Amino acid sequence: MHAVPVLFSLAATVSASKALHYTIPNNFKALASNCTLPAEFVVTNFTTYTDKADDSLNTVCFQFGDPDTKIRTTCQRNSTSTPSGPSKNIYGCDDASIAFIYQTTGVAGLTLTEKACPSAGNPKLEASGLIAPELDCTDTSTGTLCHAKQESIQGDFDSLEPIPPKVPTRRARGAWRG
Ligand SMILES: *[C@@H]1O[C@H](CO)[C@@H](O)[C@H](O)[C@H]1NC(C)=O
Ligand SMILES: *[C@@H]1O[C@H](CO)[C@@H](O)[C@H](O)[C@H]1NC(C)=O
Ligand SMILES: *[C@@H]1O[C@H](CO)[C@@H](O)[C@H](O)[C@H]1NC(C)=O
């Protein structure tokens, strides 16, 4: 029972510098000491639609929140989205620091990336983490509509890696199939 106040004060200290699930590279430590690094994220209202006939009508939509860096943004893939990355499967969120990959094969699930210390000029590193939303799906005459069983899903960023160089994109569609 006496331990309770101590636990509360410990929790307050921990939330100020949350345990990270990755190692900060030595040459990034000075810069990182001046900013809040991405530690965890929350995905809300994850929804997908997979069309039976036309891949370009497939959509992915959710809300992203990072409680530490205070970024909240909408992420979606729809017929007007342009994917980037070597596999043309990375979609940007409304906040340019956040991007995602959603795939049901390979590294299956929802990968989120967040640029580290974007206010320090040209960000060079990004954190990433994967969650695997469990879906409830409904078939319609045109396709399949799925919604995550959990309204909010918490994930940990577990890697901090250099941001891959931008490659020119020509096609407007990725290869994702539901
Ligand atoms: C950290 O921020 C302070 C104040 O903004 C600045 O003077 C200092 O140069 C920064 N240090 C690094 C390593 O970026
Ligand atoms: C999630 O979706 C429901 C139903 O579409 C909506 O009422 C709710 O506001 C959404 N929550 C967030 C955080 O967007
Ligand atoms: C498609 O997604 C973009 C953001 O990526 C959004 O601005 C636009 O409103 C979306 N279009 C539709 C039809 O939902």
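Order of listing sets the numbers, starting from 1, for every ligand and every atom in it. Everything numeric here is computed off the predicted structure, so don't read it as measured data.
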K.L.:
How far is atom 7 (O) of ligand 3 from its nearest protein heavy atom, and which residue and atom name does that atom have?
P.N.:
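Scanning the protein heavy atoms, the shortest distance from atom 7 (O) of ligand 3 goes to Gln76 NE2, 4.9 Å.
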K.L.:
So how far is it from Asn45 CG to Ile153 CD1, rounded to the nearest 0.5 Å?
P.N.:
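So the gap between those two atoms works out to 10.0 Å.
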K.L.:
Among all protein non-hydrogen atoms, which one is nearest to atom 11 (N) of ligand 3, and what is the separation to 0.1 Å?
P.N.:
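Checked against all protein heavy atoms, atom 11 (N) of ligand 3 sits closest to Asn78 ND2, 2.8 Å.
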K.L.:
Please report whether the ring centroid of Phe64 lies less than 6.0 Å from that of Phe100.
P.N.:
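When the ring centroids of Phe100 and Phe64 are compared, they turn out to be at least 6.0 Å apart.
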K.L.:
Using the rule given for side chain to side chain donor-acceptor pair (under 3.5 Å), can you reason through Thr142 versus Tyr49, listing the C-alpha separation, both sets of side-chain angles and the distance that settles it, and then say yes or no?
P.N.:
CA-CA 10 Å; Thr142 56; Tyr49 172 73; 2.9 Å; yes
K.L.:
Would you mind running through ligand 3 and noting each atom that sits below 4.0 Å from a heavy atom of Thr80?
P.N.:
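Within the 4.0 Å cut-off of Thr80, ligand 3 contributes 1 (C).
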K.L.:
With the threshold set strictly below 4.0 angstrom, can you tell me whether any protein non-hydrogen atom sits that near atom 9 (O) of ligand 3?
P.N.:
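Not a single protein heavy atom is under 4.0 Å away.
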K.L.:
Can you list the steps and then say if Cys75 with Cys61 is a disulfide (SG to SG under 2.5 Å)?
P.N.:
CA-CA 6 Å; Cys75 300; Cys61 184; over 6 Å; no
